[in-house]
2 protein chains.
Amino acid sequence: MTINDVARECGVAASTVSRAFSRPGRVSAATAERIKEAAERLGYRATPLSLRTVTGQTGMIGLVVSDVTNPVYFPLIRGAEAAATERDWMTLLTDAQESARKERDGIDRSLTAVDGLLLAGTRMSDASIRLVAQQLPVVVCNRAVTGVHSVVADNARGIRRAVEHLADLGHTTITYVAGPEASWADGVRWRALREATYELEMRAVRVGPFPPTVDGGVSAVQALRRLDPTAVIAYNDLLAIGLLRGLAAAGVAVPSDVSVIGFDNIFGSDFCTPGLTTVAIPLRGLGGEAVARLAAQIDGGAGHQIRPTVVPTRLVVRDSTAPRRAQHRRARSSPPT
Amino acid sequence: MTINDVARECGVAASTVSRAFSRPGRVSAATAERIKEAAERLGYRATPLSLRTVTGQTGMIGLVVSDVTNPVYFPLIRGAEAAATERDWMTLLTDAQESARKERDGIDRSLTAVDGLLLAGTRMSDASIRLVAQQLPVVVCNRAVTGVHSVVADNARGIRRAVEHLADLGHTTITYVAGPEASWADGVRWRALREATYELEMRAVRVGPFPPTVDGGVSAVQALRRLDPTAVIAYNDLLAIGLLRGLAAAGVAVPSDVSVIGFDNIFGSDFCTPGLTTVAIPLRGLGGEAVARLAAQIDGGAGHQIRPTVVPTRLVVRDSTAPRRAQHRRARSSPPT
DNA sequence: CTGAAAGCGCTAACAT
DNA sequence: ATGTTAGCGCTTTCAG
């Protein structure tokens with residue numbers, strides 16, 4: 001069923017059928033009606049991909065995530081999907097599976113298929129990203145790359161809130177459990193932590209890096225125990241949840257022995273034990289915002305301001321944080337109160 | 001950069017360039033080399049979407065999920081993604097957002113863009129699915145539809161194992177907390193539960209339906225408390241995790257007062273409290289298998305056996321199941337042992 | 001308001 | 001082994 005079949009059926013030219021669909025108003029109401037009716041009857045469906053050859057547009061955007069399996073992306077994907085659908089775009093999903101090569105390949109293959117690209121959690125270098133952005137509209141999520149449009153969370157403010165919260169609870173030293181070194185967010189969070197602790201006259205300690213997974217968190221506990229911290233902020237919730245498990249297994253009580261704070265407020269951070277105090281990012285909104293920025297580039301052409309869009313963060317206090325324990329926990333035999 | 005630019009650069013015909021890429025061996029090694037070099041230099045990239053007009057193929061498959069936010073789909077999406085990439089296909093993702101209309105729309109829009117369609121957790125009627133399957137290759141995940149290719153988990157065996165496990169623990173009555181009525185899996189699981197309990201001379205009780213979400217599970221607790229069950233099997237893990245939370249809030253101890261079993265083994269079922277005993281589905285494999293079946297249809301043409309591919313399930317025993325409590329729990333004031 | 005014709009990037013006959 | 005030609009489904013001039 002092509003546009004020609006519909007045209008023949010209605011006794012009009014193919015171009016008229018085309019106009020009836022893509023240029024409403026440039027065709028008389030009567031014929032437009034007739035055409036739509038015939039199209040419906042014949043079961044004709046527009047083939048947006050044909051446009052690629054003639055207009056250069058495909059009506060699709062690419063979404064490359066570093067790992068579809070990571071719960072952080074759930075709301076982000078949905079937000080992007082919804083915003084794309086609203087603009088009548090379809091979403092081409094690519095899972096990099098935490099592999100730089102797969103990511104590059106996926107981007108390469110997307111390049112000619114999409115009108116724009118969303119990069120979420122990319123592991124590529126800034127230079128590589130800029131190279132891609134030269135070829136088509138790109139928006140990077142949760143990372144700032146000079147010269148490339150991006151949408152980032154207000155990491156610094158989130159960390160600041162977390163540190164203040166711990167300060168209120170009487171903590172004086174905060175241990176940061178670091179995520180991957182290639183992660184832009186990890187750098188920003190650690191820096192913000194140092195600044196905030198400095199201002200509040202606290203101490204900051206860093207351990208890691210660790211893989212940003214539950215298992216990574218479990219394995220981090222060993223390093224942590226030597227430090228015997230009273231307050232920990234983890235790079236993200238996955239790591240924090242792993243910490244919770246590892247600490248429980250080691251007989252360290254959270255939050256009475258040590259307070260733990262995560263980042264992202266992912267699915268599961270509310271029903272782990274204890275419920276995780278964490279910095280929430282409006283990931284859904286972030287995804288939508290990213291698509292909006294992409295749309296601005298695609299429709300509006302080049303230029304505009306290239307400064308990152310910043311979405312706010314907030315601290316969600318649950319049960320993994322508590323006042324600092326009075327004395328040193330070495331006397332493991334001390335009876336519980 | 002088109003095929004023509006490369007052709008001009010090399011002093012050959014466009015068709016030769018085309019052949020150099022898509023029909024290796026039908027062009028002399030020397031020219032092939034020359035062409036590839038020039039293409040590289042000019043930054044030419046193949047545009048697979050153009051093929052749609054001439055070959056009818058797009059090199060993309062569609063993946064429609066009822067809710068991208070549901071953790072069950074993550075391994076499935078990844079499995080499908082990986083299998084598709086292996087075959088050099090790209091994945092067009094559509095999120096139905098639990099809305100039948102959005103699902104229909106998404107499918108409609110995919111129809112002309114993809115070579116085949118994977119339906120995961122579809123809410124459509126069997127008839128509608130068959131209608132779609134008439135228009136292009138379709139594989140349904142986790143649901144059997146006569147006349148349509150499908151990949152399903154061995155729900156019955158999973159339930160059977162769960163029931164046996166509870167029987168071993170001395171339980172005599174099992175309460176099933178049902179999921180959505182439109183869900184094929186819900187029907188199958190409940191039926192299997194009835195059969196298994198019948199064989200083992202136990203009793204089966206059903207409550208619900210409830211939305212298959214954590215909140216749904218929390219709200220199900222009210223209905224459950226009237227029944228005062230000793231063993232519960234929930235439609236899925238989301239529901240089961242909600243149950244765990246609701247029961248804890250109501251002061252009912254799991255597993256000593258009541259055993260709870262879920263289904264799916266989703267992310268989070270291991271770190272909720274207590275760890276959830278659940279029936280695991282190899283979702284990743286299921287997604288890969290579904291793509292394989294799709295490939296068989298696309299390449300191999302029509303026909304073949306249309307019987308569902310069945311992937312195995314297994315029971316993962318964690319901490320939410322225990323021997324049946326000795327006496328009736330009404331005396332809420334009885335001291336803990 | 002509508003038709004005719006050209007052309008998008010590419011491949012598939014059909015020649016040579 | 002390679003060039004020529006036609007044509008895929010669609011939009012876009014350009015006429016009328």
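Since the model is a prediction, treat every value here as computed from it, not as a measurement. Labels below follow one simple rule: chain letters A, B, ... track the order of the sequence lines, proteins then strands, and each chain is numbered from 1.
Checked against the 6.0 Å centroid threshold, Y73(A) and F74(B) do not count as a close aromatic pair.
Residue R8(A) contributes atom CZ, which lies 16 Å from atom C1' of dG3(C) at whole-angstrom precision. Rounded to whole angstrom, the span from the CD1 atom of I35(B) across to the P atom of dT11(C) amounts to 12 Å. Atom CD of Q57(A) and atom P of dC10(D) are 17 Å apart (whole Å). Distance CG (L51(B)) to P (dC10(C)): 8 Å, rounded to an integer number of Å. At whole-Å resolution of the value, CZ in R26(A) and C1' in dG3(C) are 14 Å apart. Rounded to whole angstrom, the span from the CG atom of N4(B) across to the P atom of dG9(C) amounts to 7 Å. Straight-line distance from the CD1 atom of I3(A) to the C1' atom of dT12(D): 12 Å, rounded to whole Å. In this entry the distance linking CD of E33(B) with P of dA1(D) reads 17 Å, nearest Å.
OP1 and OP2 of dA1(D) both lie 4.0 Å or more from every side-chain N or O belonging to T16(B). For the OP1/OP2 pair of dC8(C) and a distance below 4.0 Å, the side-chain nitrogens and oxygens of T2(B) include no atom meeting the criterion. At the phosphate of dC10(D), OP1 or OP2 sits under 4.0 Å from a side-chain N or O atom of T47(A). At the phosphate of dT12(D), OP1 or OP2 sits under 4.0 Å from a side-chain N or O atom of R23(A).
Remark on DNA chain D: of its neighbouring residues G11(B) and A14(A), the 5'-side contact belongs to G11(B), judged by nearest-heavy-atom nucleotide. Between V54(B) and R34(B), the residue anchored nearer the 5' end of DNA chain D, judged by the nucleotide with its closest heavy atom, is R34(B).
Each of dC1(C), dG3(D), dG9(C) was ranked by its minimum atom distance to the side chain of S28(A); first place goes to dC1(C).
Within a 6.0 Å radius of CZ in R26(A), no more than 12 heavy atoms belonging to other residues, nucleotides or ligands are found.
Counting atom types as modelled, S18(B) pairs no side-chain N or O with a base atom of dG9(C) as donor and acceptor under 3.5 Å. Between the side chain of S50(A) and the base of dC10(D) there is no donor-acceptor pair of N/O atoms closer than 3.5 Å. One can find a donor-acceptor pair under 3.5 Å joining the base of dG3(C) and the side-chain atoms of R19(A). Below the 3.5 angstrom threshold, one finds a donor paired with an acceptor across the side chain of S15(B) and the base of dT4(D).
A salt bridge does not link D105(B) with R109(B): none of the charged nitrogens is closer than 4.0 Å to a carboxylate oxygen.
Partner of T58(B) under the side-chain hydrogen bond (donor to acceptor under 3.5 Å, both in side chains) criterion, chosen from T112(B), D115(B), T53(B): D115(B).
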Item to check | From CA spacing to verdict: side-chain hydrogen bond (donor to acceptor under 3.5 Å, both in side chains), T309(B), R293(B) | outcome: CA-CA 9 Å; T309(B) 301; R293(B) 286 256 337 221; 2.6 Å; yes

Item to check | Evaluation steps, side-chain hydrogen bond (donor to acceptor under 3.5 Å, both in side chains), between S183(B) and R143(B) | outcome: CA-CA 8 Å; S183(B) 161; R143(B) 166 164 170 181; over 6 Å; no

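When heavy atoms are screened at a 4.0 angstrom cut-off, Y44(A) is found touching the sugar-phosphate backbone but no base atom. At the heavy-atom level, V17(A) lies nowhere under 4.0 Å from the strands shown.
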